[in-house]
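A short write-up of the structure that comes next.
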Amino acid sequence: MSTETLSRPSPAEAALAGRYGTAAGLPDGLPSDLPWNDTLALLLSHRSVRGYRPDPLPAGTLEMLVAAAQSAATSSNMQSWSVVAVTDAGSRARMAAVANGQAHITQCPLLLVFVADQGRHARLAARLGTELAAQPLLETFLVAAIDCGIAAQNAVVAAESLGLSTVYIGALRNNPEAVARELALPPGSAAMFGLCVGYAAEGHEGTVRPRLPQSVVLHAGRYDTAPEEAGIAAYDEQILAFSARVDSRPYRWTERVVARLGRLSALHGREALRAILGRLGFPLN
């Protein structure tokens with residue numbers, strides 16, 4: 001056996017190197033026999049895809065993705081979410097207009113819109129002739145929004161296991177009222193985000209994007225900010241080199257954070273989200 005074969009990284013090491021870009025992103029002292037299986041391989045290989053072929057999905061795919069989403073954890077079994085499957089080209093074009101013209105929304109054969117849905121509980125209470133005292137609370141809305149995220153990520157993993165690609169569309173929150181009109185959402189229901197699903201177009205397969213080092217996000221017992229500055233500085237240079245290779249405009253992570261959060265105009269209308277949600281039936285008391 002050659003020295004090259006002996007020194008070849010294991011599948012787990014190769015996947016971690018892809019996800020963190022460098023061993024510096026991982027804690028010291030990792031064992032050589034890292035836990036590994038096909039599920040971990042799928043998770044660590046995730047990438048967002050922003051170019052799709054128009055090919056339709058195989059029959060039954062939508063129903064299986066929704067079943068996977070419904071298999072996710074849900075707070076107290078409240079199941080406070082719904083999903084609207086948008087396949088009509090005109091409707092997807094109008095969703096793309098809300099989302100600053102993201103072309104992949106019109107390209108993908110399926111757009112799933114995940115909806116925080118307290119309206120179903122309100123209608124249930126009305127049929128029963130009872131009141132839901134916790135219905136107007138911020139906590140109840142958070143449960144619905146979090147449930148959307150947990151369910152959608154199950155759908156993403158299921159889609160990728162079938163050889164499909166995905167990308168989240170948070171920009172549907174630019175104008176939740178327009179989305180609600182387009183999808184005929186009842187009061188107490190609001191779109192949290194969309195999810196494009198389809199087959200990646202050639203040249204748009206996406207790339208595994210490095211994440212912050214674990215020294216910045218993983219804390220042992222108590223939150224520790226001490227490693228943060230050095231970890232972010234190293235990550236900035238890593239993302240700068242990475243984005244120079246794969247993006248149209250190189251950037252550092254700190255620049256992205258400041259650009260996104262430093263001015264309200266970068267939110268494209270989402271700075272008014274609390275008031276908009278109130279009009280859609282979420283008092284957020």
Quiz item: Once you round to the nearest 0.5 Å, how far does CZ of R270 lie from CG of L172?
Solution: 9.0 Å
Exercise. Just grab all the side chain to side chain donor-acceptor pair (under 3.5 Å) pairs involving residues 37-55, residues at least two apart or on different chains.
Key: H46-E160, R53-D55
Quiz item: Could you go step by step and tell me if V197 and V156 meet the side chain to side chain contact (heavy atoms under 4.5 Å, CB included) rule?
Solution: CA-CA 8 Å; V197 182; V156 165; over 6 Å; no
Self-check item: Within-4.5 Å side-chain heavy-atom neighbours: T87 and P109
Solution: no
Quiz item: Hey, are the side chains of D88 and R94 touching, using non-hydrogen atoms and a 4.5 Å cut-off?
Solution: yes
Self-check item: All side chain to side chain contact (heavy atoms under 4.5 Å, CB included) counterparts of M78, not counting sequence neighbours
Solution: S76, S80, H121
Practice problem: Scan side-chain atoms only and decide if Y20 and Q238 contain a donor-acceptor pair under the 3.5 Å cut-off. | Solution: no
Quiz item: Is it the case that one hydrophobic cluster holds both L40 and V208, taking links as side-chain heavy atoms less than 4.5 Å apart, direct or via other members?
Solution: no
Practice problem: Consider only side-chain heavy atoms of I, L, V, M, F, W and Y, link residues closer than 4.5 Å, and tell whether V84 and V98 are in one cluster. | Solution: yes
Side chains of residues 124-131: which donor-acceptor partners sit under 3.5 Å, not counting sequence neighbours?
none

Quiz item: With sequence neighbours excluded, what pairs up with R120 under the side chain to side chain donor-acceptor pair (under 3.5 Å) test?
Solution: S82, D117
Quiz item: Of the non-hydrogen atoms in G163 and Y199, which two are nearest, and what is the gap between them?
Solution: O-CD2, 4.0 Å
Quiz item: What pairs meet the side chain to side chain donor-acceptor pair (under 3.5 Å) rule with one or both residues in residues 257-269, with sequence neighbours excluded?
Solution: R263-S265
Practice problem: Check W36 against P11 and note the closest heavy-atom contact, atom names and distance. | Solution: NE1-CB, 3.4 Å
Quiz item: Just how far is it from atom OG of S71 to atom CE of M64, taken to the nearest 0.5 Å?
Solution: 8.5 Å
Exercise. Any pair with a residue in residues 138-150 that passes side chain to side chain donor-acceptor pair (under 3.5 Å), sequence neighbours left out, goes on the list, sorted by first then second residue, please.
Key: T74-D147
Exercise. Please test L44 against L16 for side chain to side chain contact (heavy atoms under 4.5 Å, CB included), starting from the C-alpha separation and ending with a verdict.
Key: CA-CA 7 Å; L44 268 67; L16 288 169; 3.6 Å; yes
Quiz prompt | Residue pair T166 / V49, side-chain heavy-atom distance below 4.5 Å | solution = no
Quiz item: Looking at CD1 of I169 and CG of L111, how far apart are the two atoms once the value is rounded to the nearest 0.5 Å?
Solution: 7.0 Å
Exercise. Using side chain to side chain donor-acceptor pair (under 3.5 Å) as the criterion, list what pairs up with D247, not counting sequence neighbours.
Key: R209
Practice problem: Answer whether the closest heavy-atom distance between the side chains of V83 and V113 falls below 4.5 Å. | Solution: no
Exercise. For side chain to side chain contact (heavy atoms under 4.5 Å, CB included), just list the numbers for L195 and F114, CA-CA rounded to whole Å, side-chain angles, deciding distance to a tenth of an Å, and then say yes or no.
Key: CA-CA 8 Å; L195 181 69; F114 283 83; 4.2 Å; yes
Quiz item: Are E182 and S91 close enough that a side-chain donor and a side-chain acceptor fall under 3.5 Å?
Solution: yes
Quiz item: With distance as the sole test, does R92 use its side chain to make a donor-acceptor pair with the main-chain N or O of I105 at under 3.5 Å?
Solution: yes
Quiz prompt | ILVMFWY cluster, L138 and M192 together (side-chain gap under 4.5 Å) | solution = yes
Practice problem: Examine distances only and state if a side-chain atom of E237 and a backbone atom of A234 form a donor-acceptor pair shorter than 3.5 Å. | Solution: no
Exercise. Without swapping roles, check the side chain of Y168 against the backbone of Q153 for a donor-acceptor pair under 3.5 Å.
Key: yes
Quiz item: Counting only heavy atoms not in R256, do more than 12 sit closer than 6.0 Å to its CZ atom?
Solution: no
Quiz prompt | Exercise: identify the closest heavy-atom pair between I150 and A73 | solution = CG2-O, 3.6 Å
Quiz item: For Q70, which residues count as a side chain to side chain donor-acceptor pair (under 3.5 Å) partner, sequence neighbours excluded?
Solution: none
Quiz item: Who else is in V258's hydrophobic cluster (ILVMFWY, side-chain heavy atoms under 4.5 Å, direct or via others)?
Solution: none
Quiz item: About how many Å separate OG of S10 and CG of L34, when rounded to the nearest 0.5 Å?
Solution: 6.0 Å
Compile the donor-acceptor pairs under 3.5 Å between side chains in residues 222-229 and protein atoms, sequence neighbours left out, one pair per line.
{"unit_1": "D224", "atom_1": "OD1", "unit_2": "A226", "atom_2": "N", "d": "3.0"}

Quiz prompt | Side chain E205, main chain G203, donor-acceptor under 3.5 Å | solution = yes
Quiz item: Is it true that V217 and L43 fall in one hydrophobic cluster, defined by side-chain heavy atoms closer than 4.5 Å?
Solution: no
If you look only at distance, which donor and acceptor atoms sit under 3.5 Å apart when one is on a side chain in residues 276-285 and the other is two or more places apart or in another chain?
{"unit_1": "R279", "atom_1": "NE", "unit_2": "E177", "atom_2": "OE2", "d": "2.8"}
{"unit_1": "R279", "atom_1": "NH2", "unit_2": "E177", "atom_2": "OE1", "d": "3.1"}

Quiz item: Has the side chain of Y235 got a donor or acceptor atom that lies under 3.5 Å from a matching backbone atom of P210?
Solution: yes
Self-check item: Heavy-atom pair of closest approach, residues C148 and W81
Solution: SG-CB, 3.7 Å
Practice problem: Ignoring hydrogens and angles, tell me if any N or O in the side chain of R252 forms a donor-acceptor pair with the backbone of L240 under 3.5 Å. | Solution: no
Quiz prompt | Remaining members of hydrophobic cluster (4.5 Å side-chain criterion), V246 | solution = F242
Quiz item: Checking S189 side chain against L185 main chain: does a donor-acceptor pair fall under 3.5 Å?
Solution: no
Quiz prompt | CG on L65 to CG on L164, rounded to 0.5 Å | solution = 7.0 Å
Quiz prompt | Closest non-hydrogen atom pair, A116 against A145 | solution = CB-N, 4.2 Å
Quiz prompt | Cluster link I232 to V257, ILVMFWY, side chain under 4.5 Å | solution = yes
Quiz item: If every non-hydrogen atom of A85 is compared with every non-hydrogen atom of L110, which pair is closest and at what distance?
Solution: CB-CD1, 3.9 Å
